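Below is one structure, written out as structure tokens, with a few remarks after it.
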Amino acid sequence: MTTTERYDRRTRWFHAGVYLTTLGLLGTGWWLLAGREGDPSPLVWLTRLPDTVLHTWLGWALAVLVLVAVAFGRRAIRTFVTESVRFRRGDLEWFVRWPAALFTGRFGHHEGHFDPGQRVLNLALAGTLLALLTSGAGMGLLHGGPVFAVLVRIHVWATYLATLLIAGHVLVAAGLLPGYRGVWRAMHLGGRLDRTVAFRLWPGWSVRHDPTALGAYVLDLLGPVEMAAVRAHLRECADCRAEVAQLRKTVL
């Protein structure tokens with residue numbers, strides 16, 4: 001099986017830290033929202049910390065992870081932001097095809113590092129987590145008053161939204177839906193996934209980051225999914241069209 005690396009080790013570790021911290025925050029947060037503050041949650045038995053204390057510590061831990069990313073991962077953050085906010089031709093067609101593609105795997109072509117659905121989710125999750133962090137920090141510094149009441153409301157509604165977004169993310173990223181089968185390896189087990197899966201989900205990115213893709217295309221050595229991805233990418237990329245033309249001259 002030919003594989004491709006989707007994310008490097010640092011990105012995977014950062015994702016794991018944010019993922020586990022956020023799940024812990026939501027777990028303790030929902031426990032407290034349910035009025036179970038006096039009853040130890042399962043996490044209390046593991047950490048020996050009260051839920052309120054654990055929730056606060058996890059919030060600060062998430063804030064520290066974000067600060068570390070800002071300090072040491074500026075290039076990755078720049079890529080994340082620019083790739084998430086950019087609108088591309090064909091995005092609307094991708095969304096039209098998306099419901100059926102959840103089951104067929106026949107997603108529309110796109111050129112980005114993230115597919116159009118991921119871009120929307122990225123922005124929504126980033127904004128929601130920022131709201132959770134800032135409102136939580138404000139609640140920790142204040143002790144009552146009208147501003148505190150507003151922060152509590154923001155924190156609660158951000159918890160509701162974060163829960164829905166993360167549940168959807170887990171459903172897709174776990175590869176439980178037929179169209180996303182195999183995608184979970186992008187962030188696990190070394191970050192390498194089957195090349196056919198990568199070309200099907202992120203066609204433009206896969207062509208640009210696979211050094212053998214254009215040569216294999218010229219030699220007709222790719223599978224049907226990869227061939228279709230390269231053809232679609234060549235319609236968008238003049239540089240790759242020029243490289244393919246040069247390769248064909250060399251081969252012939």
Side-chain angles (χ1 to χ4, degrees), residues 1-8 11 75-76 78-123 169 171-252:
M1 179 180 68
T2 305
T3 61
T4 185
E5 185 179 57
R6 172 68 174 167
Y7 296 106
D8 61 25
T11 303
R75 179 182 296 181
R78 183 165 58 250
T79 299
F80 176 86
V81 173
T82 56
E83 286 288 331
S84 296
V85 301
R86 189 177 301 169
F87 178 81
R88 293 173 174 83
R89 184 178 59 184
D91 284 358
L92 292 178
E93 180 185 351
W94 187 94
F95 278 110
V96 170
R97 295 178 59 175
W98 181 70
L102 291 174
F103 303 97
T104 65
R106 298 174 183 174
F107 295 94
H109 183 81
H110 67 90
E111 287 290 313
H113 182 91
F114 306 112
D115 67 42
Q118 283 180 297
R119 292 179 221 149
V120 173
L121 180 65
N122 287 346
L123 296 175
H169 173 65
L171 178 65
V172 170
L176 298 177
L177 297 170
Y180 286 101
R181 187 167 296 141
V183 71
W184 65 276
R185 290 180 177 270
M187 272 295 181
H188 305 282
L189 299 181
R192 304 194 68 86
L193 72 162
D194 186 283
R195 189 171 73 167
T196 301
V197 176
F199 272 78
R200 181 166 54 80
L201 295 174
W202 305 287
W205 175 89
S206 296
V207 175
R208 293 194 305 273
H209 288 79
D210 189 328
T212 68
L214 295 181
Y217 171 77
V218 171
L219 295 173
D220 199 22
L221 297 177
L222 296 176
V225 173
E226 292 96 326
M227 290 291 284
V230 174
R231 290 192 193 98
H233 175 70
L234 291 176
R235 290 194 290 269
E236 304 286 338
C237 181
D239 290 340
C240 287
R241 287 198 299 271
E243 184 174 347
V244 165
Q246 185 60 42
L247 287 170
R248 281 177 171 155
K249 288 180 182 179
T250 303
V251 171
L252 298 175

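Because the structure is a prediction, the values reported are computed rather than measured.
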>> To check you understand the geometry: which heavy-atom pair defines the closest contact between His110 and Pro203, and what is its length?
In response: O-CG, 3.6 Å
>> Classify the ring geometry of His209 against Trp205: parallel below 30°, tilted from 30° to 60°, perpendicular beyond 60°.
In response: parallel
> When rounded to the nearest 0.5 angstrom, what is the spacing between CZ in Arg248 and CG in Leu214?
Replying inline: 10.0 Å
>> Please find the pair of heavy atoms, one from Ser206 and one from Ala198, that lie closest to each other, and give the distance.
In response: OG-O, 2.9 Å
> Looking at Asp91 and Pro116, what are the two nearest heavy atoms and their distance?
Replying inline: OD1-CG, 3.4 Å
> Nearest heavy-atom pair of Cys240 and His233: which atoms, and what distance?
Replying inline: SG-NE2, 3.2 Å
> With side chains defined as the heavy atoms from C-beta onward, is the minimum distance between Trp202 and Gln118 less than 4.5 Å?
Replying inline: yes
> Could you state the interatomic distance from CG (Asp210) to CG (Leu222), rounded to the nearest 0.5 Å?
Replying inline: 8.0 Å
> For Val183 and Val197, which heavy atoms make the closest approach, and how far apart are they?
Replying inline: N-CG1, 4.3 Å
> Looking only at atom types and distance, does a side-chain atom of Arg106 sit under 3.5 Å from a main-chain N or O of Ala100, one as donor and one as acceptor?
Replying inline: no
>> What I'd like to find out is whether the side chain of Thr4 reaches to under 4.5 Å of the side chain of Leu193, using heavy atoms alone.
In response: yes
>> With a 3.5 Å distance limit and no angle check, can you tell me whether Arg119 reaches the backbone of Phe114 through a side-chain donor-acceptor pair?
In response: yes
> Would you say the side chain of Arg6 lies within less than 4.5 Å of the side chain of His113, judging by non-hydrogen atoms?
Replying inline: yes
> Checking Ser84 side chain against Leu123 main chain: does a donor-acceptor pair fall under 3.5 Å?
Replying inline: no
> Between atom OG1 of Thr3 and atom CG of Asp194, what is the distance when rounded to the nearest 0.5 Å?
Replying inline: 8.0 Å
>> With a 4.5 Å cut-off on side-chain heavy atoms, are Glu111 and Val207 touching?
In response: no
> Is any side-chain heavy atom of Val230 less than 4.5 Å from a side-chain heavy atom of Phe199?
Replying inline: yes
>> For the OG1 atom of Thr196 and the CG atom of Leu201, what is their distance to the nearest 0.5 Å?
In response: 10.5 Å
>> Contact between Arg231 and Tyr217 at the side-chain level, heavy atoms closer than 4.5 Å - yes or no?
In response: yes
> Do other residues, nucleotides or ligands put more than 12 heavy atoms under 6.0 Å from the CH2 atom of Trp98?
Replying inline: no
> In Å, rounded to the nearest 0.5 Å, how long is the span from CG of Leu102 to CZ of Phe107?
Replying inline: 6.0 Å
> For the side chain of Arg185 and the backbone of Arg192, is there at least one donor-acceptor N/O pair under 3.5 Å apart?
Replying inline: no
> CZ of Arg88 to CG of Asp115: how many Å apart, nearest 0.5 Å?
Replying inline: 10.5 Å
> Any side-chain heavy atom of Leu247 within less than 4.5 Å of one from Glu243?
Replying inline: yes
